Structure formats: structure tokens, C-alpha cells
Number of protein chains: 2
Amino acid sequence: MKLKPADIARESLADRVRQVLIDRIFDGSYPPNTRLIEMQIARELNISQTPVREALRALEAARLVETQPYRGTRVRRISDSERREACQVRAVLEELAARLGAARLREHLRELRVEADAALAAARQNDVVRYLHHNVRFHGMIVEAADNAVLRRTWESLGFSVGARVRAARTTGDMIAVAKEHRQIIDALARGDGKAAARLLRRHVEVIVGSASEAEPRTSNHARRWAGEPGEGDAIVRSAVR
Amino acid sequence: MKLKPADIARESLADRVRQVLIDRIFDGSYPPNTRLIEMQIARELNISQTPVREALRALEAARLVETQPYRGTRVRRISDSERREACQVRAVLEELAARLGAARLREHLRELRVEADAALAAARQNDVVRYLHHNVRFHGMIVEAADNAVLRRTWESLGFSVGARVRAARTTGDMIAVAKEHRQIIDALARGDGKAAARLLRRHVEVIVGSASEAEPRTSNHARRWAGEPGEGDAIVRSAVR
DNA sequence: TTGTAATCGATTATCGATAACCGATTGTCG
DNA sequence: CGACAATCGGTTATCGATAATCGATTACAA
């Protein structure tokens, strides 16, 4: 069995473009609301419009950008209220993960502690990026332990809404306090109390954004939605059961 | 202000193709594992490859199909274990929804009862399609009431995995029993006990698939995943926080 | 026989060009 | 002056054609 020159599969052009665009969105080269013009990007990367368009569509599915027909694509801005919403969802997902994965996690307490300690250390140095890195790993390990692929994907799909709070500057104190909660969660797991761990974890995640910026009036849109007929949302699969 | 001939926005070609493909997948014209060939579909619909390809990519994002580079796209088969996983996730999402929306739901008890009754009636007639229709509406109203867009989208993203259990023929007895639980949930809401409603709802959803087919050995994949480095999953946004 | 290399038809991925469309601007007329 | 129509540059949506890759088949050799 012989492998091709590049050993493992080269990525498609569209995939590479997608990664480039994601990087630029996250590192701030493309701030929120930036218009992304297919041909401009294509010219810059010396490729045709097609793979760029495909990449943009993928980003749209991931909700990093928003497209309006014939009006182009812009980088989506994550509002504080959306961050709060996402954290509420993430909280119950991780609660479920802890419940499902509690038994398995008892055999990985060491790894959990490593990440928790690293996150705390980073917090003390006010190194937000490193803190987030280890924080994500800590939470990711728990989600992974649940051994539920749907849960994992769902959790990851919130990554942007939640993770983009890089900019939501957190105070060092907050970070440290939150980081310390990891210990309690690990302790609960260590003594086999999955229920408690799950509850602690939910609280832990719920609070993350709630504590931060509490401004922004938050206008409800429930009334409007209720008025319109049900399947009105933007679900791709709207004809599911009819 | 004058409107264009077709009044409201015509859909793009790609959108229409997408809807056609979704319909065909759901009505069984394209059973699981069917290979979807871009040019074939394009020729059939008298359009070019491009919008078909775009539609397929959208379906991939919705996880209705699976694509391998240079190897084409196939309709995805939903396993029973995946259905179970999705129900676990859906359960905690709806639990959250009931908690968040409990207050608001008290003003919509009538609508809830309408759907619950209709679902029960359909169950008694063993009319699965109609049962599912009202069932989805009932649960959808609750999710809607939470007034959390992220939650709603996340819930909808499970729609396929969960809703596709149309084929997972449920016995009449099951349907009736489950349909009756709706009443208890409504009652809890009526007396203002959101906590109880949320708990009942979670149980209600958790059980849905668990009761059905209990076969299939369920091989864990946690060990393998744990071994590999973290960002190994298929998250689109893998460089989120790095 | 069996394993490997060359070939071929089918399909996906990408390209370059064109049609459809948007938004702003300009021009026209009341 | 103000509403509206025509026009224009720029962008998206779609097209038809080509390059790259796959899977199977055949050809060949140990």
C-alpha cells in the first residue's frame, strides 16, 4: 500500500478557504459586520469564486456569518443577550454530560485536574487566551466523557456564540473565581456524586456570562413569534413531520 | 411602493433544490444510503450542477446527508442509538425550555391543550403522522415560550434525528400512554409549578425512544476518542479558542 | 494464482464567463 | 422641491466546460 505524496488527504480548496476565513474572523481581521465579497477573496487567494462561495455557505451554517440573497455576506455580531442564551443552553448540555459521564470521569480525574490547574494558573496571570484554552479542554473532556455524539456536536455548535466572548473582557477576579469552581466539580466527581457534579457544572456555566455585562435592555420577541404560524423559524428542515 | 410580480421573494434555485431533496428524503424516495449524484439531479431538474451542489452542502450541514471528498454524497442513516442520544439531548433542552417559559406558558394553556388533545385523539386512531404533527407542535410551543433563540435553533437542529423516527413504528399503546403525559405537564404548568413541568417534560422525552427498540449492542467509542488529541472532532470551528 | 500497474468511465471540484439583481446616483417631470 | 424612472457600477447566482480524482476493470508479471 503506497500513499500519495502529501501522505494524508489534502484538503479541498473550499475547506482551506473556510479555515482562512474562520481564522480571520477570530483574530479580528474581519470584525463583526464586515462584508465578505466573494470575488475579492477569490482574487486575493488566486482562486475562483466557487470555492469561496462554498466556504461562505459553510460559515453561514456555522452561524459565523449571515447571508442575504443578492445582498452579500457579513460577519455576524454576537450580542450579549445571545451569549447569555447560549450559556443557558450550554449549561444544561454540560449538566447532562456530567450526569452521563460521571462514572467514566472518575478514571480521568488526573487529566481533569491538569486542565483545571492550568486554567487557574492562567487566570492568576490574567492570561485570557491560555485560560480559555484550558477551560475549553476541561469542559470538552466532560462532554466527551458522556460518550454521546449528538451531545458533543450540539455542544460544539455553540462554540462560537459562547467562545467568542474572548472580547467580553473578564476581570481577573472573575476568572480566578470561576476557575476555582472547577475544583469543586472534580471533587464531586471524585466522591462519585455525579448528580452534584452535574448541578455544580450547570451553575458554573450559567453564571459565566450572567455576571458579565448586564446592560442591554433585552426586548422579548416571544409575542411576535407566537402570532405567526408555527413552522415560521429558519429551520432548514421544516417539512420534517407534516 | 410597488412589489415585484411574484410579490414576495422567489427562492434561489439552490433553496428550491434543497427543499425538493429534503422532501424526497423524508417521503422515502431517497432511502438511507442512497447516493445523490450532482449532475443527475441537475439534469433531472434542468439546471446546472452548481445549485445542486450548494443544496447538497446545505443538507450536509443539517446532517441529512454525508459527503466524502471526491466520493459523493449519500443519504445518512439514523441509527437507533443516535435516536436515543438525540432524545437525551432533546430532553434536557425541553426541560430548560419549560423552566424558562413556565410563566409565559400559563397564558397559553388553551393552545397547549388543543395540541395535546389532538395528539391523543390521533394516537387513539393509531394515526402516527397526525400524532407526530400535533406532538411536534406541542413541544414546539414550549420551546418557543422559552424565548431563547439559541435554544430554539439548537432544538430544531435535532429535528431530523428525532423526527425521522417516523419509521420507528411505535405501538398504539405507547403512543396513547405518552400522549396522556402531556396532560400532566399542562397541569403542572397550570398550577404554576414550572419545576415539576420541566421535570415531567424531561422524563417524557427521555422515554420516547428508550422504550422502543432496545436491541443494538451499542459499542462505546469513548476510549478511542480519549486517546486522540482533543480537537479531533468534526467541529467546523475548531480554531475557536486556541 | 495473485498481486500490482495501467486504463477507462463516471463523478466531484474548480474554473471563467454570463445573467440576474441590488443600491446609489442621476435625470425628469409634476 | 420632491417623487419617481432610468441608468450604472458592483456583487451574487447560475451556467457550461474542464481538471482532478475515484472505483472498477483489465492487462501483466512473478
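Fair warning: this is a prediction, and the values are worked out from it, not measured in the lab. What's counted below: heavy atoms across the whole structure, side chains too, no hydrogens, waters or symmetry copies.
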Exercise. For DNA chain C, determine which residues of residues 42-53 of chain B have any heavy atom closer than 4.0 angstrom to one of its atoms, and list them numerically.
Key: Q49(B), R53(B)

Self-check item: Euclidean distance, atom CZ of residue R16(A) to atom P of dA13(C) [Å, nearest integer]
Solution: 14 Å

Practice problem: Using atom CG of L13(B) as one end and atom P of dT12(D) as the other, report the distance to the nearest whole Å. | Solution: 18 Å

Quiz item: Between the side chain of R202(A) and the main-chain N/O of E95(A), is any donor-acceptor distance below 3.5 Å?
Solution: no

Practice problem: Specify the separation, in whole Å, of atom CD of E11(B) and atom C1' of dT12(D). | Solution: 17 Å

Quiz item: Which nucleotide, dC22(D), dA13(C), dT14(D), lies nearest any side-chain atom of S12(B)?
Solution: dT14(D)

Quiz item: At under 4.0 Å between heavy atoms, what does L36(A) touch on the DNA or RNA strands: base, sugar-phosphate, or nothing?
Solution: sugar-phosphate

Practice problem: I would like to know whether E82(B) and R76(B) meet salt bridge (Lys or Arg N to Asp or Glu O under 4.0 Å); could you show each step before the answer? | Solution: CA-CA 12 Å; E82(B) 177 169 349; R76(B) 210 164 72 85; 2.8 Å; yes

Self-check item: Whole-Å distance separating the OH atom of Y70(B) from the C1' atom of dT12(C)
Solution: 7 Å

Practice problem: Take R53(A) and E38(A), measure what salt bridge (Lys or Arg N to Asp or Glu O under 4.0 Å) needs, and give me the verdict at the end. | Solution: CA-CA 6 Å; R53(A) 185 180 175 79; E38(A) 299 175 0; 3.0 Å; yes

Quiz prompt | d(CD, E38(A); C1', dC15(C)) in whole Å | solution = 14 Å

Quiz prompt | Separation of dC21(C) P from Q68(A) CD (nearest whole Å) | solution = 16 Å

Quiz item: What's the spacing between L59(B) CG and Q19(B) CD if we round to 0.5 Å?
Solution: 9.5 Å

Exercise. Provide, to the nearest angstrom, the distance between the CZ atom belonging to R71(A) and the C1' atom belonging to dA24(C).
Key: 13 Å

Quiz item: Expressed in angstrom and rounded to an integer, what is the separation of E60(A) atom CD from dT12(D) atom C1'?
Solution: 13 Å

Quiz item: Is a side-chain N or O of R18(A) found less than 3.5 angstrom from the main chain of A55(A), in a donor-acceptor match?
Solution: no

Quiz item: Among all residues two or more places apart in sequence or in another chain, which pass the side chain to side chain contact (heavy atoms under 4.5 Å, CB included) test with A97(B)?
Solution: I142(B), V143(B), A146(B), L151(B)

